[in-house]
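Below: one structure, written as structure tokens.
For the single chain, residues carry numbers from 1 onward in sequence order. Predicted model, so just to flag it, every value in this text is computed and none were measured.
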Amino acid sequence: MKLTLVITGKAATARPRIRQNGHGMFNTPEVKRWKQNVKEQAFLQTRDVSHLLPIKAGVPVRADYNFYLPWQKATPKKLAHTNGEHTQKPDLKNLLSHTEDALSEAGIWTDDNQVDTITLQKWRCPRGDERVECVISW
């Protein structure tokens, strides 16, 4: 089976914060908004296949992600309206963690430890076209 999701918006990259007293961690508002966005869009895009979800525990899952992030503001206009390679911060692992957690919370799979194969790419895109394209196979 294969499921394709396109989550619009800029992926959150912030790491969880540690409370001042040292007890526990929390997500920033940016991360909370991103995770809520992923859950809502995943719900809407999986209505037709909801009877197949969540993917049962023990079933191996492959996830292919393409993260599209905006060009920097100082980018020349000619270039800023195109897609291109992205070799600067943020790190891919920071982009991935919040997105996978949100997909787990959205009920795509039982637990993200089922994902045994991952491919990740990040790209530059025009401002306003930020998104994550995700293909999940099992």
Side-chain angles (χ1 to χ4, degrees):
M1 298 292 307
K2 187 183 277 191
L3 175 64
T4 301
L5 300 172
V6 178
I7 310 299
T8 57
K10 185 179 173 193
T13 60
R15 294 182 183 169
R17 303 285 184 229
I18 298 174
R19 297 192 189 284
Q20 286 183 346
N21 62 10
H23 300 295
M25 298 175 77
F26 67 96
N27 283 323
T28 63
E30 172 197 12
V31 170
K32 288 178 182 178
R33 282 190 301 272
W34 173 247
K35 289 174 85 172
Q36 185 62 35
N37 182 39
V38 171
K39 289 188 286 188
E40 288 172 1
Q41 291 190 46
F43 172 77
L44 292 172
Q45 294 179 44
T46 59
R47 286 183 297 190
D48 295 341
V49 294
S50 62
H51 61 285
L52 301 172
L53 302 174
I55 301 168
K56 293 184 181 2
V59 174
V61 175
R62 175 188 173 102
D64 302 303
Y65 297 93
N66 283 296
F67 292 90
Y68 290 85
L69 302 169
W71 288 97
Q72 296 159 322
K73 288 183 180 178
T75 304
K77 285 185 179 181
K78 249 186 183 177
L79 188 58
H81 294 292
T82 64
N83 287 338
E85 294 179 348
H86 187 318
T87 57
Q88 298 154 335
K89 289 188 176 193
D91 295 344
L92 276 168
K93 64 182 176 280
N94 293 340
L95 292 165
L96 176 66
S97 63
H98 302 304
T99 304
E100 275 204 333
D101 289 346
L103 290 172
S104 293
E105 292 172 17
I108 300 298
W109 44 60
T110 307
D111 193 312
D112 59 3
N113 66 10
Q114 292 173 249
V115 180
D116 67 346
T117 305
I118 298 174
T119 60
L120 299 169
Q121 286 187 292
K122 61 182 178 176
W123 303 94
R124 291 285 189 195
C125 68
R127 290 194 175 276
D129 198 22
E130 298 92 348
R131 66 191 182 281
V132 176
E133 296 174 354
C134 178
V135 178
I136 300 167
S137 310
W138 70 98

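Applying the side-chain contact (heavy atoms from CB on, under 4.5 Å) rule to N37 yields the partners I7, W34, Q41; only residues at least two apart in sequence or on another chain are considered. Under the side-chain contact (heavy atoms from CB on, under 4.5 Å) criterion, T75 pairs with W71, Q72, L79, A80, not counting sequence neighbours. Partners of L52 under the side-chain contact (heavy atoms from CB on, under 4.5 Å) rule, at least two apart in sequence or in another chain, are M1, V49, W138. For E30, there are no side chain to side chain donor-acceptor pair (under 3.5 Å) partners at least two apart in sequence or on another chain. Taking the side chain to side chain donor-acceptor pair (under 3.5 Å) definition, one finds that N66 meets it with W123, sequence neighbours left out. Under the side chain to side chain donor-acceptor pair (under 3.5 Å) criterion, D64 pairs with R62, T119, sequence neighbours left out.
Cluster membership for V6 and V135, using ILVMFWY side-chain heavy atoms within less than 4.5 angstrom, is not shared. The cluster map of Ile, Leu, Val, Met, Phe, Trp and Tyr, joined by side-chain heavy atoms under 4.5 Å apart, puts L53 and V38 in the same cluster. When the side chains of ILVMFWY residues are joined at heavy-atom separations under 4.5 Å, either directly or via intervening members, V59 and W109 end up in a single hydrophobic cluster. Grouping the Ile, Leu, Val, Met, Phe, Trp and Tyr side chains by contacts below 4.5 angstrom, directly or via other members, places V31 apart from L96. In the hydrophobic clustering of this structure, L5 groups with V115; members are Ile, Leu, Val, Met, Phe, Trp, Tyr whose side-chain heavy atoms approach within less than 4.5 Å, directly or through other members.
The environment of CD in Q88 is crowded: more than 12 heavy-atom neighbours from other residues, nucleotides or ligands sit within 6.0 Å.
Listed by first then second residue, pairs satisfying side chain to side chain donor-acceptor pair (under 3.5 Å) with a partner in residues 128-137 read D129-R131, R131-E133, not counting sequence neighbours. Each side chain to side chain donor-acceptor pair (under 3.5 Å) pair with one or both residues in residues 45-57, not counting sequence neighbours, would appear here, but there are none. Sorted by first and then second residue, the salt bridge (Lys or Arg N to Asp or Glu O under 4.0 Å) pairs with a member in residues 106-128 form an empty list; sequence neighbours excluded. Legend: salt bridge (Lys or Arg N to Asp or Glu O under 4.0 Å) pairs involving residues 96-106, not counting sequence neighbours, sorted by first then second residue: K35-E105, K39-E105. Counting only residues at least two apart or in different chains, salt bridge (Lys or Arg N to Asp or Glu O under 4.0 Å) contacts with residues 70-84 are absent.
Smallest separation of non-hydrogen atoms from P126 and T82: CD-O, 3.5 Å.
Using a distance-only test at 3.5 Å, with no hydrogens or angles considered, no donor-acceptor pair links the side chain of T4 to the main chain of I136.
Members clustered with L44: F43, by chain and number, using a 4.5 Å side-chain heavy-atom cutoff among hydrophobic residues.
Atom NE2 in H98 sits 12.5 Å away from atom NZ in K32 (nearest 0.5 Å). Distance SG/C134 to CZ/F67: 8.0 Å, rounded to 0.5 Å.
Side-chain contact check for L69 versus T13: every heavy-atom pair is 4.5 Å or farther apart. Using a 4.5 Å heavy-atom threshold, the side chains of L95 and L120 count as separate.
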